[in-house]
Amino acid sequence: MRAPITSPAPAEVQADLRHVIYALSDALDLVGIDDVAHGKRVGIMAAECARQMGLDDTATTFLFDLGLLHDIGVSSTHVHQHLVGEFDWAGSQDHAIVGHRLLAGFKPLATMAEPIRYHHTRWDKLLATGVDPWVARQANLILLVDRVDALTAPYYASNTMLLHKDAIREQIRQRAGTYFDPELVDGFLAASRSEAFWLLLEPRSIQCYLQDMLLRGERCLASFEELKHLATIFSCIVDAKSPFTAEHSLGVARLSRLLAEKIGVSASNCDKLEIAGLLHDLGKLRVPDEILDKPAKLDPDERMIINAHSFETFQILRNIDGFEEISRWAAYHHEEPDGSGYPFRLSAEAMPLEARILRVADIFQAMAQDRPYRQGLSAAEVVAFLEKLVADGRLDGEIVAVARQWIVPAMAAARPNLPH
């Protein structure tokens, strides 16, 4: 039996902004595919160096958060390979510029924009830019510990970083005055003398450290507009991963909201559904570029990797207090009424209305959107495609009927023009 078009009792979207940021930092780390803690390790090392240099708790916490988000401009697995495989390379500034652009307009995190812009600028070049000295030191500390993580990356899997720590420390010392501020190098060398500094970078220690940092400071309940803005930033990161998916998440979010409003979903659940639409493909950040961009049919192994992305989305969002419904609606967008979808194989009765709306919006937008290999379908073609899926038992017919009734605004919502 299909679940009826009804909505649960509304509850406003409420979440602690810092909690959301920490959870969404997991999405950035997914780009590493097999190594999913780069940002956290950079944050831990930055905080430990800050403490060694006598910075207060506010500055230390800021540098930890900056480490978590410093690679917010990275969505490509190829770029990440450069980050961890080379000390410096042509094009290292590109993702820093993107990260600056994403955060500069978001007031709660705007103070991170400038340090992120310069976190791949070597110290002797940075001094000539005229950037604020404190911002310059923030950026350079992130560059320093970021490069430490790149140098240490080959040894994490074998848990042998302690055997190589002295050689890594020497490589940093040799770059004092060129790549790095000599005072920051002194701070790093002092902090990294102990084995504990390096053992904090192990997976179990990382999670404990993250929890400790999350408990610091007061709760900061974010408004819906702040949560929506942050979700939009992360949707841009996901959609930038592939030319095949550019602007997809924003279109899904807008169309989901439109359909929900026409169906009569409560205003608060429309808010949550819009955020779920923006974040529904977060898990795709762990999909290698060559699979996501493959123009041909995927082989079984590639399909298995793709099919894991919605579960990755669930794993990220479920850790945010206040996102309990959002995490499920976002993660269920590939579930089908007959239980043949993925990743949970849910039946129609187990699918909330909002998740069914998001599924229709996801497919609608993908068909309506221009892709590099084809033009987007016309309104009539989109409706015909959706109705064929209804006939095959793969979509909710009542929601598709609403999309057909409001096809003109639905097409407009599905094909938004993102600001660049």
Side-chain angles (χ1 to χ4, degrees), residues 2-8 10 13 224 227-228 231-232 234-235 238-239 245 247-284 306-307 309-318 320 323-337 339-369 382 385-386 389-390 394-404 406 409-411 413-416:
R2 183 173 63 240
I5 293 191
T6 57
S7 186
V13 187
F224 165 68
L227 292 173
K228 179 181 173 182
T232 300
F234 275 81
S235 77
V238 174
D239 290 351
T245 58
E247 304 184 2
H248 171 67
S249 300
L250 184 57
V252 170
R254 292 184 178 182
L255 180 55
S256 294
R257 181 169 196 118
L258 172 73
L259 296 176
E261 289 174 344
K262 299 304 182 184
I263 289 170
V265 172
S266 69
S268 59
N269 276 11
C270 285
D271 288 346
K272 293 178 188 177
L273 183 57
E274 188 172 5
I275 291 174
L278 289 167
L279 299 177
H280 77 286
D281 271 345
L282 273 181
K284 281 188 176 175
I306 284 281
N307 285 5
H309 81 270
S310 47
F311 186 76
E312 295 281 10
T313 296
F314 178 69
Q315 289 292 80
I316 294 167
L317 298 182
R318 69 190 291 267
I320 304 173
F323 272 42
E324 290 79 10
E325 292 171 310
I326 291 171
S327 64
R328 290 186 292 113
W329 301 344
Y332 293 170
H333 69 278
H334 284 291
E335 301 292 341
E336 302 197 4
S340 64
Y342 64 85
F344 297 103
R345 305 283 175 173
L346 296 179
S347 63
E349 306 87 71
M351 282 280 284
L353 167 62
E354 290 81 1
R356 288 180 274 141
I357 293 172
L358 181 51
R359 173 162 169 74
V360 170
D362 181 53
I363 296 173
F364 186 123
Q365 199 285 333
M367 293 300 103
Q369 183 183 27
V382 170
F385 185 86
L386 296 177
L389 293 179
V390 171
R394 300 184 62 191
L395 281 183
D396 187 311
E398 294 177 68
I399 296 171
V400 170
V402 173
R404 181 178 63 243
W406 298 96
M411 288 293 288
R415 303 180 68 173

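Since the model is a prediction, treat every value here as computed from it, not as a measurement.
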Q: Any chance the side chains of Ser249 and Asp281 put a donor and an acceptor closer than 3.5 Å?
A: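 No, Asp281 and Ser249 have no side-chain donor paired with an acceptor closer than 3.5 Å.
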Q: Are any non-hydrogen side-chain atoms of Phe364 and Met411 less than 4.5 angstrom apart?
A: yes
Q: Roughly how far, to the nearest 0.5 Å, is CZ of Arg328 from CG of Leu346?
A: 10.0 Å
Q: Could you check whether any side-chain N or O of Arg394 sits under 3.5 Å from a backbone N or O of Ser340, counting only pairs where one atom can act as donor and the other as acceptor?
A: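 Checking the backbone N and O of Ser340 against the side chain of Arg394, no donor-acceptor pair under 3.5 Å is found.
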Q: Starting at CD1 of Ile320, measure out to CG of Leu279 and round the result to the nearest 0.5 Å.
A: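 Ile320 CD1 to Leu279 CG: 7.5 Å, rounded to 0.5 Å.
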Q: Kindly give the heavy-atom pair with the smallest separation between Leu317 and Phe323, and that separation in Å.
A: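 So the minimum-distance heavy-atom pair works out to O-CB, 3.7 Å.
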Q: Testing the basics here: between Ala413 and Arg254, what is the closest heavy-atom pair and its distance to 0.1 Å?
A: O-CB, 3.7 Å
Q: Rounded to the nearest 0.5 Å, what's the gap from CG on Leu395 to CD1 on Ile363? Could you check?
A: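 Output value for this atom pair is 4.5 Å.
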Q: Tell me whether Thr313 contacts the main-chain N or O of Ala331 through its side chain, where contact means a donor paired with an acceptor under 3.5 Å.
A: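 Not a single qualifying donor-acceptor pair exists.
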Q: Below 30° counts as parallel, above 60° as perpendicular, anything between as tilted: where do the rings of Tyr342 and His334 land?
A: parallel
Q: Kindly say whether Arg345 contributes a backbone atom to a donor-acceptor pair with the side chain of Glu335 at under 3.5 angstrom?
A: yes
Q: Could you tell me whether Glu247 and Arg415 have a side-chain N and a carboxylate O separated by less than 4.0 Å?
A: no
Q: Enter the distance from His280:NE2 to Leu358:CG here, rounded to the nearest 0.5 Å.
A: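 So the gap between those two atoms works out to 6.0 Å.
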Q: Within the side chain of Gln365, is there an N or O that forms a donor-acceptor pair under 3.5 Å with the backbone of Ala414?
A: yes
Q: A side-chain contact here means heavy atoms from C-beta on lying under 4.5 Å apart; do Phe234 and Leu278 qualify?
A: no
Q: Looking only at heavy atoms, what is the nearest atom pair of Glu324 and Ser327, with distance?
A: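 Closest pair (atom of Glu324, atom of Ser327, distance): O-OG, 2.8 Å.
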Q: Within a strict 4.5 Å, meaning less than it, do heavy atoms of the Glu312 and Leu282 side chains meet?
A: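 When only atoms from C-beta onward are counted, Leu282 and Glu312 do not touch, as no gap falls below 4.5 Å.
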Q: Could you tell me whether Arg257 and Glu261 make a salt bridge, using a distance below 4.0 angstrom between a side-chain N and a carboxylate O?
A: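 So Arg257 pairs with Glu261 through a salt bridge.
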Q: Taking all non-hydrogen atoms of both residues, which atom of Phe385 and which atom of Met367 are closest, and how far apart?
A: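 Shortest heavy-atom separation between Phe385 and Met367 comes out as CD2-CG, 3.7 Å.
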Q: On a heavy-atom basis, which atom in Ala350 and which in Pro352 lie closest, and how many Å separate them?
A: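 Nearest heavy atoms, Ala350 then Pro352: O-CD, 3.3 Å.
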Q: Taking side chain to side chain contact (heavy atoms under 4.5 Å, CB included) as the criterion, tell me which of Leu259, Ile263, Asn269 meets it with Glu354.
A: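 Answer to the side chain to side chain contact (heavy atoms under 4.5 Å, CB included) test with Glu354 among Leu259, Ile263, Asn269: Asn269.
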Q: Measure the CD1-CG distance between Ile357 and Asp396 for me, rounded to the nearest 0.5 Å.
A: 8.5 Å
Q: Report the distance from atom CG of Leu273 to atom OG of Ser266, rounding to the nearest 0.5 Å.
A: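 So the gap between those two atoms works out to 10.0 Å.
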Q: Quick check: closest heavy atoms across Val252 and Asp362, and the distance to 0.1 Å?
A: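 Distance-wise, the nearest heavy atoms are CG2-CA, 3.8 Å.
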